[in-house]
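Data first, discussion second: the structure below is written as structure tokens.
Starting from 1, each residue takes its place in the sequence as its number.
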Amino acid sequence: MKSSIGGQLKILTDEQVLSVHETACKILEDRGMVFECNECVDVFKHHGCKIEGNTIFIGRQLVEECLKQTPSSFLLEAPNPHRSILIGEGLAVHAAGGETFLRSYQGTLHPQPTLKDFADFQKLYQACPNVDIAGYAPVSPFDVPQRTKSLWTVLESFKNSDKPILSPMEVETVEKKLEVFELFDIYFGKNWMDNHYATWHTVCPNSPYFFSEFACDGIRVYAQRNQPVCIVSAPMTGITSPVFLLSTLILSIAEGLAGLVLAQLIRPGVPVLLSASLTYGYMRTASWECASPDTSLMLASSIQMIKYFYKLPARAQTGVSSSKTIDYQAGLETMQSLLFSALAGVNVTSQSVGTLSNLMTSSLEKTILDDEVIGRVRYLLKGMKYDDEQRGLEDLLSAAPSADFLMNDSTLAHFRDAYEPSVSDWRSIEEWQASGAQSAEDNAHSLVVQTLEAAPQSLLDADTEKDMLRFINNIER
């Protein structure tokens, strides 16, 4: 047998898990949560919540009722049905989002990426076997109108990947959110999403205790359209939450539950992803530190709460680094962050491919390198087979002292079963030097070039692409 070892890492005891939940519920009942959107306030009022202005006091019974009707898994459907993935089981990895700079192979930081740069990331996501979901916002293009930027990025996502497509981050208004749905409707067909899940929207409350109108509209609009909502509570210790890891965890859980309740009151049964995105506040600079071991501990505890206590899909902002370049620090922090979260049982990871400098920078080369890191972590999560064949008793008993097993039947039959790297170099030093002594980043760059050269111009059929372009051009006119 071979079973996943994901979820074997537990930070909290059962008693501590229950205490975190009860404390979060006490905050929702006694302190309340501010929702800036009056329409959302009316939703809470309709369901009997105590209201003071825009502060909503949410009772524990309502929280637990809403938790019960939130699905523990859901199918995120792709343009290519074979690429659809079940969210809530195993590990799914999605595109980066929110980074400001593009780092070139030469190390230059570009503060104004283009739509072509965005498309290049989508082409890599399509080619990387360990990236499951494309779209989102690895860079923000500066060469298209701000008004329609989100639509151009959705179009490029559909053109360059047939994996599930996440909605962009830059949909500041209800109108822009609905326009994004129009492109999905053009592709999948009108009303198709009434019974299918094709994308989701990330919603970030402003810690502590505040859901802006933008966040409220994200929950409201996506829930109304029957699309999953991702609640990304991201308090920072000592900055936007108390300095303690535990109280920051409690605040994050309270904010996540508040967003979940609103989504369920709007559309009972709509999928909700609670995200472990809380971070350590680095007090030397009064800024966040996504790759700190303290952050990893909070992420793992949050995953434990979401997945094993609430029995919901657990998302985490993990596999990250504060390194400014592709170096030892970048590899160390990326692996530490991702592996710790994976062992805790995370179901969906964000920012795990191509990010640097505390999520400020995206890199094509690091996207390729991180794809290997994710592959290694997935291999480790499978654990080790344990059966009579793997015990190898016949080989062990028949072996002579100091013998080798190179030509054993079992070796010849199974030597390809083991892990094989995609970028790392396992050759001898002589072979490595003879072929140019390239670094892992050099190898990744070669793969970037090959992948982009081989990518098709568009995966969309001509009529669908024309309809999407016509829609965008009409808005621009």
Side-chain angles (χ1 to χ4, degrees), residues 3-12 17 67 70-78 83-97 125 128-136 163-167 197-203 227-234 249 252-253 256-257 259-260 263 269-278 295-320 337-353 370-371 373-383:
S3 58
S4 174
I5 60 174
Q8 292 192 14
L9 173 66
K10 296 287 195 298
I11 305 298
L12 305 171
V17 164
L67 281 167
T70 307
S72 59
S73 64
F74 62 93
L75 184 68
L76 186 67
E77 299 196 46
R83 303 274 202 170
S84 299
I85 42 175
L86 187 62
I87 301 296
E89 294 187 11
L91 172 63
V93 175
H94 76 63
Y125 297 153
C128 286
N130 292 295
V131 179
D132 304 291
I133 308 169
Y136 210 34
K163 298 179 179 182
I165 304 295
L166 284 197
S167 295
Y197 306 124
T199 188
W200 68 63
H201 186 39
T202 52
V203 169
Q227 294 307 294
V229 178
C230 178
I231 312 294
V232 183
S233 172
L249 168 66
S252 176
I253 292 296
L257 291 175
L260 178 146
V270 71
V272 176
L273 273 170
L274 297 184
S275 183
S277 300
L278 54 180
T295 297
S296 292
L297 287 167
M298 289 190 291
L299 294 184
S301 340
S302 185
I303 293 163
Q304 184 180 350
M305 291 292 304
I306 297 165
K307 181 170 182 177
Y308 297 103
F309 187 70
Y310 297 129
K311 303 192 185 314
L312 298 175
R315 177 187 183 268
Q317 186 172 276
T318 187
V320 292
S337 174
L338 181 62
L339 182 58
F340 207 71
S341 297
L343 291 174
V346 70
N347 295 120
V348 181
T349 75
S350 162
Q351 320 301 137
S352 304
V353 280
D370 289 343
D371 186 66
V373 170
I374 299 161
R376 287 173 179 255
V377 168
R378 279 186 162 141
Y379 187 88
L380 291 170
L381 288 179
K382 291 177 183 176

* Over all atoms of both residues, closest heavy-atom pair of Pro71 and Val270 -> CD-O, 3.7 Å
* Counting distance only, does the side-chain N/O of Gln351 pair as donor-acceptor with the main-chain N or O of Gly97 below 3.5 Å? -> yes
* **side chain to side chain contact (heavy atoms under 4.5 Å, CB included) between Asn347 and Glu89, worked out** => CA-CA 6 Å; Asn347 295 120; Glu89 294 187 11; 5.6 Å; no
* Structure fact -> The ring-ring contact (aromatic ring centres under 6.0 Å, His included) partners of Tyr125 (sequence neighbours excluded) come to none
* side chain to side chain contact (heavy atoms under 4.5 Å, CB included) between Ile231 and Val272, intermediate numbers included -> CA-CA 7 Å; Ile231 312 294; Val272 176; 4.0 Å; yes
* Asked: Are any non-hydrogen side-chain atoms of Asn130 and Val93 less than 4.5 angstrom apart?
  -> no
* Asked: Going from CH2 on Trp200 to CD1 on Ile87, what distance comes out if it is rounded to the nearest 0.5 angstrom?
  -> 4.5 Å
* Non-neighbouring partners of His94 that pass side chain to side chain donor-acceptor pair (under 3.5 Å), sequence neighbours left out -> Arg315
* Asked: Could you walk me through whether Ser296 and Ser337 pass the side chain to side chain donor-acceptor pair (under 3.5 Å) check?
  -> CA-CA 6 Å; Ser296 292; Ser337 174; 4.8 Å; no
* Asked: Rounded to the nearest 0.5 Å, what separation is found between the OG atom of Ser73 and the NZ atom of Lys311?
  -> 13.0 Å
* To do: Give the intermediate values and the outcome of side chain to side chain contact (heavy atoms under 4.5 Å, CB included) for residues Ile133 and Leu166.
  => CA-CA 7 Å; Ile133 308 169; Leu166 284 197; 3.5 Å; yes
* Asked: Taking only residues two or more places apart in sequence or in another chain, which ones pass side-chain contact (heavy atoms from CB on, under 4.5 Å) with Tyr308?
  -> Lys10
* Asked: Between Leu278 and Ser302, is any pair of side-chain heavy atoms under 4.5 Å apart?
  -> yes
* Structure fact -> So OG1 of Thr349 and CG of Leu299: to nearest 0.5 Å the spacing works out to 11.0 Å
* Structure fact -> dist Ser352:OG -> Leu338:CG (nearest 0.5 Å) comes out at 5.5 Å
* Side-chain contact test, heavy atoms from C-beta onward, threshold under 4.5 Å: evaluate it for Tyr379 versus Ile374 and give yes or no. => no
* Structure fact -> Output for pair (Leu274 CG, Ile306 CD1), nearest 0.5 Å, gives 5.0 Å
* With no hydrogens and no angle check, is any side-chain donor or acceptor of Thr199 less than 3.5 Å from a backbone partner on Ile165? -> yes
* **Interatomic spacing from CG in Asp132 to CG in Leu91 - rounded to 0.5 Å** => 7.0 Å
* Asked: Passes side chain to side chain contact (heavy atoms under 4.5 Å, CB included), Tyr310 versus Leu260? Steps please.
  -> CA-CA 11 Å; Tyr310 297 129; Leu260 178 146; over 6 Å; no
* Donor-acceptor under 3.5 Å (Lys307 side chain, Val346 main chain) -> no
* To do: State, yes or no, whether a side-chain contact exists between Leu381 and Leu343 at a heavy-atom distance under 4.5 Å.
  => yes
* Asked: Is there side-chain contact between Val229 and Thr202, with at least one heavy-atom pair below 4.5 Å?
  -> no
* To do: Not counting sequence neighbours, which residues clear ring-ring contact (aromatic ring centres under 6.0 Å, His included) with Phe74? List them please.
  => Tyr197
* Asked: Can you name the side-chain contact (heavy atoms from CB on, under 4.5 Å) partners of Ala78, sequence neighbours left out?
  -> Arg83, Ser84, Pro164
* Asked: Can you list the residues that meet the salt bridge (charged side-chain N to carboxylate O under 4.0 Å, His left out) rule with Asp371, with sequence neighbours excluded?
  -> none
* To do: Flag the pair Leu297 / Phe340 as yes when at least one side-chain heavy-atom distance between them is below 4.5 Å, and no otherwise.
  => yes
* State whether the side chain of Gln317 and the backbone N or O of Ala276 hold a donor-acceptor pair below 3.5 Å, judged by distance alone. => no
